[in-house]
Amino acid sequence: MNGHELVSSSARHPRTAATDANHFVLTFENNRFASELFGQFDQNLKLLEERLHIDARARGNSVAISGDLIATNQARRALDFLYERIQKGGSVDTSDVDGAIRMAQAADDQLQLPTLEKKAKLSMSQISTKKKTVVARTPTQDAYMRSLERSELVFGVGPAGTGKTYLAVAHAAQLLERGAVDRIILSRPAVEAGERLGFLPGDMKDKVDPYLRPLYDALYDMMPGDKVERAITAGVIEIAPLAFMRGRTLANAAVILDEAQNTTSMQMKMFLTRLGENARMIITGDPSQVDLPRGVKSGLVEALQILKGVEGISVIRFKDTDVVRHPLVGRIVRAYDAQYAVHEESEEVDR
């Protein structure tokens, strides 16, 4: 699409008045929706300006956008998508704007993205429960969410802050609500990162709960708190340390193994072979953050090598560019990766 192809939209969408290749005006039909789209004190438009290096000036229910041809078209696609979301009853905050920008940029980087519909209209994968709808914020998240729907066994690997665990739990909650599975099983290896389990107070559940906190947090985000509590009491949602999995067959369940980089080879094989009839298994982890004793090989790293190319298994690899927490987190991840790369190179030279 070039600047001269910007045409007026229907009443459902913003009207586009083209003036020249790098400047146009979007007019939205609903003043209240437009105000929500622009954000308080136009903060969402300011984020567009900062990320895309364009100029976006609001006036009433219209916004004039000018700048580089590609960037202005990315802004138009992002705003169009976000406006439709508001029309359908959704809300928009700065993280949603950031996600729409990332997807619009990816659409230009990869012209054949499956998320790119005709006329460059953005369509992002989403996970919906009665409490919340989660929309993909990066192309990798989009691919991950599609794989969760398609594959019975999915590996989501990559750095912290990319949404691997959160989206896995959200998908499991969605499957439970649909009746596609009878229960959710959440597991994580109880490997210490500096602390010792024995020094924590309480029984085994109390000792393990701190390790499973991210899984609990995601559950409470996707389901009402009272329903989560009742489901845990009834065994519909089961929190199980990895050590308690041996000998079981996990059928009719959505099974999640988090922090899988801290499994041993035998633990990973044991877990993988628990997969039963009508079960979905999601394994998440960050191979760069292994807390196992020195010399012990990560079961996740080994599994990714052994199972490469096996039919029915999807592997989605997240990168630092997929970090959706504070922008500084992505820069921290890149800095550490660069340092590790230098360290590995020096070790190779020493050998």
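Below, all heavy atoms of this structure are taken into account, side chains as well, without hydrogens, waters or symmetry copies.
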*Asks:* Please name all residues satisfying ring pair (Phe, Tyr, Trp, His ring centres under 6.0 Å) with Phe81, sequence neighbours left out, ordered by chain then number.
*Replies:*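 None.
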*Asks:* Please name all residues satisfying salt bridge (Lys or Arg N to Asp or Glu O under 4.0 Å) with Asp55, sequence neighbours left out, ordered by chain then number.
*Replies:*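 Only Arg57 meet the salt bridge (Lys or Arg N to Asp or Glu O under 4.0 Å) criterion with Asp55.
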*Asks:* Counting only heavy atoms not in Glu152, do more than 12 sit closer than 6.0 Å to its CD atom?
*Replies:*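 No, not enclosed.
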*Asks:* To the nearest 0.5 Å, what is the distance between OG1 (Thr321) and CZ (Arg102)?
*Replies:*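 Separation between the atoms: 7.5 Å.
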*Asks:* To the nearest 0.5 Å, tell me how far Leu26 CG sits from Arg76 CZ.
*Replies:*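 One gets 7.5 Å once the value is rounded to the nearest 0.5 Å.
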*Asks:* Between Asp68 (side chain only) and Ala71 (backbone N and O only), is there a donor and an acceptor less than 3.5 Å apart?
*Replies:*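 The answer is yes, because a donor-acceptor pair under 3.5 Å joins these two groups.
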*Asks:* Could you name each residue pair satisfying salt bridge (Lys or Arg N to Asp or Glu O under 4.0 Å) that touches residues 245-269, not counting sequence neighbours?
*Replies:*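 Qualifying pairs, neighbours excluded: Arg188-Asp258, Arg188-Glu259, Glu238-Arg248.
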*Asks:* Dump the intermediate steps for side-chain contact (heavy atoms from CB on, under 4.5 Å) on Asn73 and Leu69, then the final yes or no.
*Replies:* CA-CA 6 Å; Asn73 281 330; Leu69 175 61; 3.7 Å; yes
*Asks:* Among Val92, Leu37, Val97, Ile101, whose side chain to side chain contact (heavy atoms under 4.5 Å, CB included) with Leu79 holds?
*Replies:*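 Testing each of Val92, Leu37, Val97, Ile101 against Leu79, the sole residue satisfying side chain to side chain contact (heavy atoms under 4.5 Å, CB included) is Leu37.
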*Asks:* Identify the heavy atoms of Gln289 and Ala160 that sit nearest to each other, and give their distance.
*Replies:*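 Where Gln289 meets Ala160 most closely, the heavy atoms are NE2-CB, 4.2 Å.
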*Asks:* Could you tell me the separation between the CD1 atom of Ile282 and the CG atom of Leu148, rounded to the nearest 0.5 Å?
*Replies:*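 Here the rounded value is 5.0 Å.
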*Asks:* Nearest 0.5 Å, what's the CD-OG distance between Gln267 and Ser187?
*Replies:*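 With rounding to 0.5 Å, CD (Gln267) is 9.0 Å from OG (Ser187).
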*Asks:* Under 6.0 Å from the NZ atom of Lys131, do we count more than 12 heavy atoms belonging to anything else shown?
*Replies:*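 More than 12 heavy atoms, drawn from other residues, nucleotides or ligands, come within 6.0 Å of this atom.
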*Asks:* Measure across Ile316 and Ser147 and return the closest heavy-atom pair with its distance rounded to 0.1 Å.
*Replies:*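 Shortest heavy-atom separation between Ile316 and Ser147 comes out as CD1-OG, 3.5 Å.
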*Asks:* Determine the minimum heavy-atom distance between Thr129 and Ala170, stating which atoms define it.
*Replies:*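 Closest approach of Thr129 to Ala170: CG2-O, 4.3 Å.
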*Asks:* Would you confirm whether Gln141, through its side chain, and Thr162, through its main-chain N or O, come within 3.5 Å as a donor-acceptor pair?
*Replies:*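 Yes.
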*Asks:* Determine which pairs satisfy ring-ring contact (aromatic ring centres under 6.0 Å, His included) with at least one residue from residues 127-154, sequence neighbours left out, and list them in order.
*Replies:*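 Only Tyr144-Phe318 qualify under ring-ring contact (aromatic ring centres under 6.0 Å, His included).
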*Asks:* If you round to the nearest 0.5 Å, how far is CE of Met222 from CG of Leu167?
*Replies:*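 That separation rounds to 9.0 Å.
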*Asks:* Return the set of residues passing side-chain contact (heavy atoms from CB on, under 4.5 Å) with Ser151 (not counting sequence neighbours), or none when no residue passes.
*Replies:*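 Here the qualifying residues are Val154, Ser314.
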*Asks:* Give a yes or no on whether the backbone of Val290 and the side-chain of Gln261 come within a donor-acceptor separation of less than 3.5 Å.
*Replies:*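 Not confirmed, Gln261 side chain does not pair with Val290 backbone.
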*Asks:* side-chain contact (heavy atoms from CB on, under 4.5 Å), that's the test. Do Lys319 and Thr140 meet it? Break it down for me.
*Replies:* CA-CA 8 Å; Lys319 301 178 181 178; Thr140 309; over 6 Å; no
*Asks:* Which distance, rounded to the nearest 0.5 Å, do you find between the CG of Asn262 and the CG of Leu292?
*Replies:*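 Asn262 CG to Leu292 CG: 5.0 Å, rounded to 0.5 Å.
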*Asks:* Among residues at least two apart in sequence or on other chains, which ones pass salt bridge (Lys or Arg N to Asp or Glu O under 4.0 Å) with Arg59?
*Replies:*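 If we apply the salt bridge (Lys or Arg N to Asp or Glu O under 4.0 Å) test to Arg59, skipping adjacent residues, there are no hits.
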*Asks:* For Asp96, give me all partners under salt bridge (Lys or Arg N to Asp or Glu O under 4.0 Å), at least two apart in sequence or on another chain.
*Replies:*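 For Asp96 the salt bridge (Lys or Arg N to Asp or Glu O under 4.0 Å) partners, ignoring immediate neighbours, are Arg85, Arg137.
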*Asks:* Assess whether side-chain contact (heavy atoms from CB on, under 4.5 Å) is satisfied between Tyr83 and Asn30, documenting all intermediate values.
*Replies:* CA-CA 10 Å; Tyr83 185 70; Asn30 187 300; 3.6 Å; yes
*Asks:* What pairs with Thr94 under side-chain contact (heavy atoms from CB on, under 4.5 Å), at least two apart in sequence or on another chain?
*Replies:*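 With sequence neighbours excluded, Thr94 shows a side-chain contact (heavy atoms from CB on, under 4.5 Å) to Gln43, Asn44, Leu47, given in chain and number order.
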*Asks:* Report the residues that fulfil side-chain contact (heavy atoms from CB on, under 4.5 Å) with Asp182, sequence neighbours left out, ordered by chain and then residue number.
*Replies:*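 Only Asn252 meet the side-chain contact (heavy atoms from CB on, under 4.5 Å) criterion with Asp182.
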*Asks:* Taking the side chain as everything from C-beta on, heavy atoms only, tell me whether Tyr216 gets closer than 4.5 Å to Ile239.
*Replies:*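 Tyr216 vs Ile239: side chains touch.
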*Asks:* Determine, step by step, whether Ile65 and Ile54 satisfy the side-chain contact (heavy atoms from CB on, under 4.5 Å) criterion, reporting the C-alpha distance in whole Å, the side-chain angles of both residues, the deciding distance to 0.1 Å, and the verdict.
*Replies:* CA-CA 7 Å; Ile65 299 176; Ile54 60 168; 3.8 Å; yes
*Asks:* Which pair of heavy atoms, one from Asn278 and one from Ala180, lies closest together, and at what distance?
*Replies:*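 Closest pair (atom of Asn278, atom of Ala180, distance): ND2-O, 3.3 Å.
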*Asks:* Is a donor on one side and an acceptor on the other found under 3.5 Å between the side chain of Ser35 and the backbone of Asn31?
*Replies:*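 No, Ser35 side chain to Asn31 backbone: no donor-acceptor pair under 3.5 Å.
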*Asks:* Could you give me the CA-CA distance, side-chain angles and deciding distance for Arg146 and Ser125, then say whether side-chain hydrogen bond (donor to acceptor under 3.5 Å, both in side chains) is met?
*Replies:* CA-CA 7 Å; Arg146 290 172 185 269; Ser125 296; 3.3 Å; yes
*Asks:* Establish, from distance only, whether the side-chain atoms of Gln174 and Gln126 form a donor-acceptor pair under 3.5 Å.
*Replies:*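 No - no donor-acceptor pair under 3.5 Å links their side chains.
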*Asks:* Going by the rule side-chain contact (heavy atoms from CB on, under 4.5 Å), which residues pair with Ala34 if we only count those two or more places apart in sequence or in a different chain?
*Replies:*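 With sequence neighbours excluded, Ala34 shows a side-chain contact (heavy atoms from CB on, under 4.5 Å) to Phe28, Phe38, Asn61, given in chain and number order.
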*Asks:* If I compare all heavy atoms of Ala136 with all of Met103, which pair ends up nearest, and what's the gap?
*Replies:*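 Smallest interatomic distance, heavy atoms only, reads O-CG, 4.5 Å.
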*Asks:* Please determine, by modelled atom types, if Asn22 and Thr72 share a side-chain donor-acceptor pair under 3.5 angstrom.
*Replies:*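 The criterion, which ignores hydrogens and geometry beyond distance, is not satisfied for Thr72 and Asn22.
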*Asks:* Got a sec, which hydrophobics cluster with Ile283, joining ILVMFWY side chains under 4.5 Å apart, including via others?
*Replies:*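 For the cluster that includes Ile283, the remaining residues are Leu153, Phe155, Val157, Ile185, Leu242, Met245, Leu250, Val255, Leu257, Met268, Met270, Phe271, Leu272, Leu275, Met281, Leu300, Leu304, Ile306, Leu307, Val310, Ile313, Val315.
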*Asks:* Do you know the tightest heavy-atom contact between Pro287 and Gly158?
*Replies:*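 Nearest heavy atoms, Pro287 then Gly158: CD-N, 4.3 Å.
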*Asks:* Please name all residues satisfying salt bridge (Lys or Arg N to Asp or Glu O under 4.0 Å) with Lys132, sequence neighbours left out, ordered by chain then number.
*Replies:*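 Partners of Lys132 under the salt bridge (Lys or Arg N to Asp or Glu O under 4.0 Å) test: Asp221.
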